[in-house]
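In what follows, every chain begins at residue 1, and chains take the letters A, B, ... in the order their sequences are listed.
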Amino acid sequence: MKGKLVATAIAIAVGLFILVGTLLPFQILVPVRLELLHWAVIISSAAVLVGIANLLNVHMQKVRRREKNSAYSAILILSMSLTLALGVLFGPNGGWMQMAFEGIIFPVEAALMALLAVTLIYASVRLLRRRTDIMSIVFIATAALTIFASISLPFLGEIPIFGDVIHPWLTSTLAAGGARGLLLGVALGALTTGLRALFAFDRPFGGK
Amino acid sequence: MSDFIVGIVGFLFTIMILSYLIGDNFLFRLAVHIFVGASAGYVATVAIHQVIMPYLIVPLIQGSMKERTLLAIPLILFVLMLMKISPRLSWMGGPAVGYLVGAGAAVAISGAVLGTILPQAGAAAQPFDWLHNPNPLGTLINGAIMLVGTVTTLVYFQFGAHRAEDGSVKRNALVEALAWVGRLFVALTLGVLFAGVFSAALTALIERINSLLALFGF
Amino acid sequence: MADILCPHCGMPNASEQGVCSFCLKPLSGKSAEVYRPGEAPTKKTTAELESVLPEWLREAREKARLADAEKTAQETQAAAERPAPKKEEPPDFLAGLASLGKDDQDDEIPDWMKTAPPVSAPSIEKEKTFPRRQEIRWEGDGVTDEVGGLATTPAASENGDAMLPWMHSSEASSENEEVADWLKKAAAQEEERPVSPFPTGALQPPVTGELTDWLDQVSSESAEKPAAQEDGSLNDWFANLPRGETTPAAEETSEPFDGGEISLPNWMQRDEPAAAANEESPALPSWMGTFEPSAETKDESAAPDWMTRERPFAEPQQELDLPAWIGPFGETDESKSEASTPEWMPHTPFAEKEETGLPAWMDGTSDAKSEPTAPDWMTRDVPFSESQAKDESETPSWMGAFGESAAQTENTSEAAPTQSFELDSKFDLPSWLGSLESTEPAQGSIEPPPADWPAPSETKAAPPDWMDVFRDAAPAAETPASPEVPHAAAFVPAEMETPQDGQADDLFSSDMPDWLSNIAPSELKSAEAKEPTQQNIAPAELPSWVQAMRPVETALPSEPALTVEGPLEDRGPLAGLRGVLPLAGIIQPGKPKPQSIRLQADEAQQASAALLEQMLAAESEARPLRGGGAIASQSALRWAITAALLVIVVLSLATRLQITPLPTSLPAESASILPTLELLPEGAPVLMIFDYDPALAGELESAAVPLLDRFLASRRPRVTVLSTSPTGPALADKLFAHELKDLAYQSGTEYLNLGYLPGNNAGMLYFAEYPRKAIPSSAWDLPAAQDVTRLGDFAAILLFTDQSETARAWIEQTSLQRAGRPMIVIASAQAAPMILPYAQSGQIAGLAGGLHGGAIFTSSAAESPARAYWDAYQFAALFAAAMIVLGGLWNFFAGLRARRQGME
Amino acid sequence: MNQIIALALVLFAALLLLALSLRKRKSPAAFREIAAFARLRRAAGLAVEDGTRLHVSIGRGSLLSPRGAASLSALALLRQVGEQTSTSDRPPVVTSGDPAVAALSQDTLQAAYQAAGVAELFQPNSGKLSGLTPFSYAASAMDVARQEYVSTNVLVGDFGSEVALLTEASEREHATIVAAAADPSAQAVLFASAAEPLVGEELFAAPAYMGADPSHRASLQAQDVMRWLLILGLLVAAALKMAGAL
């Protein structure tokens, strides 16, 4: 319980220091704020190690319990250990890490993104089966129009009016207005959420 | 030679991942698990070599007395955070996590106000500066449309409502009317964004297939 | 907005949806209902659960069916005078119940009614019965009979106003001629009926706890349960039983039941010859013999009260939103001639059970008499009673009342359904079976007077509202009997929730309907009424749920099967059953306390009970496979899209198709990019931030390469690279090593990769303030960045990002420290629209987004990724747009059609 | 100048939040109905009733970025959902893509279990880091979504377009999806692929809709007040700009 109180006190103190350092236009506060943030970076690097341990623990447990698909977990542990060992030994710029990056990480991530091309078409095709409200209809119409207006036809190039009038107007006027509204709304939400955490109304580190 | 090996490995992993289009299968799962492990190892390596070493270890060893003293606090918090590895000692990590939450809250607040609210509010008014605009009418009309979009989108998210006599929760008529317009702007914006995401995904697909074909000399 | 659950896949859907978002089936479908809290349970066709039965249970059911087939043939012979059984699977009396569920126009009544005496039943019998019954005092002063009250209600009804409402509803059916035939036959059999050797004191309330008490004793020989405890507990509840005459014979006959030799209820002694004989005997239930008295009452109250139980339920149903299975009762209540069993009756598990004759477990208990090891479902009672305290703590609030009364009476508390629920949960049964079992007590409990609860447990209970009907209608002395009426009725639908034999086993073990306890004594007194079916019916063949459906009057002389050994219960709840109370002998009859059978459950409790019952019922439902057809079509659609997309892209790339011209018009936000970069001094230090994931590298590279090709070639700036993404630095190296290798940038002198900048926004800000501190590295002293000490020293900042948030952070955090240096953003198409406002507000000098953004900087002659991808992209995008429009329209109309169908 | 205005805004919001949190109301404030939250409440209840699992994925938003606000909101939601489903036969499993957030998810779950009085049921590994890069996180979380008995996937927090992988996996498993993201592109993807998507700032309203904590409700009210102030500010700024006074 005391641990929670200490954590809460630290959270409030650090948050206020950094916030005041950001919002008050006093140069003297800048280094303090930066130092506090610098410490936060160091702590979050420890969190990476904790995360690695957690990942290892979760999959080790699967292997130990011989859970369903635990073979995959064993493979994950193997690949992680190997990459980590090579990385620690040769550094992230070492040849082995370059190979791991260009041979595994890059192609897999790119291929996962490529999957979305099909997934998104499928999702948009089925959207009106799920919901047929005005928002969905406008959404689908806009998405199709934006894609269509952005393409060039063989030998003809951009589609007249669509390419040079509708598409820019759609993206830089209509969508920009809504996008700004979304950004402002999210910012308001972030502001109140941050304040809740700052006043320890929310204590994700436990307690309450 | 290593490029060739990397190309072959990349080719295999690409095929394994794209096999998900047919259906969930063991090749996909295998590739994903190897990838998750490799990326975790890679990120951990980067964290060790480019954060922990230069930010903590090296200054502690080579830094001045002042630097070392200053690093005592993050060092303690660093160690406390590491306690979270053990479920038994996890509670000791509270202060470190609390520090991150406090810093995160401050960053979120300042980011929201300084990074979005103020700049975007200013940007919303920009088009109305017709005096310094070559095409004042067009800019004013577009600015007005954007302002309407921004305002109605904000209204759309209005949460507060009043409870009617029949127990239903309603917003007042004006808010509802504005919200209806805002809903159209939100849908329209999301539609444009969706097209953008699809465009990115399609480019990624083309790039992947191109890399596969390149291996066969196409 | 309220959600509705898809009847096919059980997934929640918005209420206005007509079609399930998941399985695309109409949401209003009636099939494959899965109960969820808040939904009223409806008719269940439990046959569908056959597939999910464990093998042993399926076999047992199969065997039972075969046995039943033979039995039915014999029955039809034996009961020759009776009308031929209906075509429905259930045996005649159940079929009769079922037939009542039909439209009231066809004046069908159950077989047992058809075989009841006509309106003009022998008046002698009537006089024999009524006066005697009216003597009976429920409140326990002297000779008491719970059914007395019930039996007198017709008398009361003679003067009109006192006639119970439910009595009206069944007059029509009672006038059926066939009833008389049946009774004549029943009367013919009476002589053979023996006098029960059972003492009054041997009576036990037919509830789990009680029934299991002696089972406990059965197992106690192995478990060594102190008999004294048994006695005590039995005496306790017995004290609450209606008092009846005690005959010396009773004590005598009770002796054999002391000690080890415990005779199981006759319906469990199937391995014995007698039992075997019973099996052979026609399935005309013994309780049909009781129709004589029922016939007597018929001319006033005509229909047996179980048919009229709807009335008490109909009202709570309207007020309390009782589960739908009560609906039929409520409905039948409204039209008199509708005194019918709800239509679900033929489909209930009981119908199935009737087919099987005896549940599977009975085979297992065949030797239960000779050895104390009882089947699982019995032995559970031991841990069950032990775990009572715990169980009580887990008893739902709505059961609190019962919990309390249970505390008062030890053995009755053992009968509390909650505990039997707990008990069930203790056993490692198949999940569906476990859940089924667990439903049982709840089912019992949801009924205003739970069928499987003993009268003693209800001693201090306040009556639910619906009982007022009786309070108003019947004289005080008779009131105790009246509320009994719903008990069995409640029991039926409660049982109905159990679609499996395995489940029925527990019902058997625990749910002896307590209406029996209130009506039995009077049946003793009408000895002749016990005669009719003694040879035809093996009580062992009467599952408890069937007993539950027995009409109160008809139950009186129901059970006895003379061919079965063991003492015959001659009064009390089990009157007519033979050898069901092995502990009878060790119990001394005591003066029964006056007991009220009022149920201590208010509306809220009943509503909670109904809710729980529905929740448990949902678990007992076999989950239908989620719309297989829909799933297949979804996969087909995926494959079709995949195939088309791959064909388009592969063909375009393989043929190096370049028939689509590159865009010529430059968007406003991109127009100023090249002019800005061209203004930079040659060899100036430039900061390039690679904040994108490898996933979007293809797009970002195709967008960046054309621009960088031009810019780097013309101004040859010194490039410093960093990234807030751990993989960013590697992506930058890859870009310069492969796509930009023609520019031959020299590492160290022209190109410096500072690597990873941790801390996100904090790191950005730190870097903006103190670049060299933020990324401490000796590389800063290399020619590429030796003259850079602050952010403003960079001539320009190029940000490559796939996230609008990252762009926003860089824009915001570096706005002051940039000192007016231009920032240009090359973004993914997914982030560009969100970054556009910053370009419009002038916070950034230019924005280029996605492949299109790269293509606008590509000269048609140049060999760049943008050019290579351009045609494939155009064709694929065209296909996508067409798919979205056509597919969207198709689904829109298909959705509307499905919704219309759903409404119809 | 900007800093002063920002400070004033933050102070005003802070005081408003405090005042509204401490204010005693006769009846709790009423908020418009949001279908996704009704579905989430129902899904949480059903998960307990039919013994299925709830997969809560709280995104990859680093606490040291503005996206951290989405993670904080997701953690607040996790607290509510965790408390409601902690007694399920199959307790909820939480995945995240940021190590610090993963550590917080464990603390939050533990607190939720304690609040529900079943602290002994808490398993530290039920809050797991599934990957350290966005796509490795999504790919690994897909595996959890595919897991047996996961009836509902709650995807609330900071996601990118990779969230489409999660919705795809959920749909293939016919699991319910309740999703909210801070990133607009992810919102667009979710709008198309989730049955009940949450848009824009609705993500930050999740804790208030899922629980009865006055501070959460107060923050929604404060958000509304700030919203109208902002709208007023936008209109005034536009008017002043037109008048050439700004």
With a 4.5 Å limit on heavy-atom distance, are the side chains of [X] and [Y] in contact?
X      : Y      : result
A:L112 : B:F28  : yes
A:L195 : B:I109 : yes
A:K4   : B:W91  : no
A:F90  : B:T45  : no

Quick check: does any side chain N or O of [X] sit under 3.5 Å from a backbone N or O of [Y], one acting as donor and the other as acceptor?
X      : Y      : result
B:Y55  : A:W39  : no
A:T142 : B:G191 : no
B:H49  : A:V88  : yes
B:T150 : A:G177 : yes

With a 4.5 angstrom heavy-atom cut-off, could you sort out which part of [X] is near chain A: side chain, backbone, both or neither?
X      : value
B:Y42  : both
B:R208 : side chain
B:L18  : both
B:V197 : both
B:I48  : side chain
B:S199 : neither
B:Q120 : both
B:L100 : side chain
B:L114 : side chain
B:I15  : neither
B:I209 : neither

key: Pair B:V107-A:L37, side-chain contact (heavy atoms from CB on, under 4.5 Å): steps then yes or no   = CA-CA 9 Å; B:V107 169; A:L37 287 172; 3.9 Å; yes
query = Parallel, tilted or perpendicular for B:H33 and A:H59, by the 30°/60° rule?
reply = perpendicular
For [X], which atoms come within 4.5 Å of any heavy atom of chain B: side chain, backbone, both, or neither?
X      : value
A:F17  : neither
A:S136 : neither
A:A53  : side chain

inquiry  = Using the rule given for side-chain contact (heavy atoms from CB on, under 4.5 Å), can you reason through B:F26 versus A:N69, listing the C-alpha separation, both sets of side-chain angles and the distance that settles it, and then say yes or no?
reply    = CA-CA 10 Å; B:F26 84 97; A:N69 296 332; over 6 Å; no
Chain B interface, residue from A:L115, A:I18, A:V48 that has the most non-hydrogen pairs under 4.5 Å = A:L115
[X] versus [Y], closest heavy-atom pair with distance:
X      : Y      : answer
A:A7   : B:G94  : CB-O, 3.4 Å
A:I147 : B:A195 : CG1-CB, 3.7 Å
B:F194 : A:A143 : CD2-CB, 3.8 Å

inquiry  = Within the supplied structure, the quantity of interest is the number of heavy atoms (other residues, nucleotides, ligands) at a distance under 6.0 Å from A:M99 CE; does it exceed 12?
reply    = yes
message = Please determine whether the number of non-hydrogen atoms from other residues, nucleotides or ligands lying under 6.0 Å from atom CE of A:M60 exceeds 12.
response = no
task = Could you give me the CA-CA distance, side-chain angles and deciding distance for A:L49 and B:F78, then say whether side-chain contact (heavy atoms from CB on, under 4.5 Å) is met?
result = CA-CA 10 Å; A:L49 301 184; B:F78 184 94; 4.2 Å; yes
remark   = Value for OG (A:S45) from CE (B:M81), rounded to nearest 0.5 Å, stands at 9.0 Å
request  = Run the numbers on B:V51 and A:I42 for side-chain contact (heavy atoms from CB on, under 4.5 Å), then give the verdict.
outcome  = CA-CA 7 Å; B:V51 183; A:I42 294 172; 5.6 Å; no
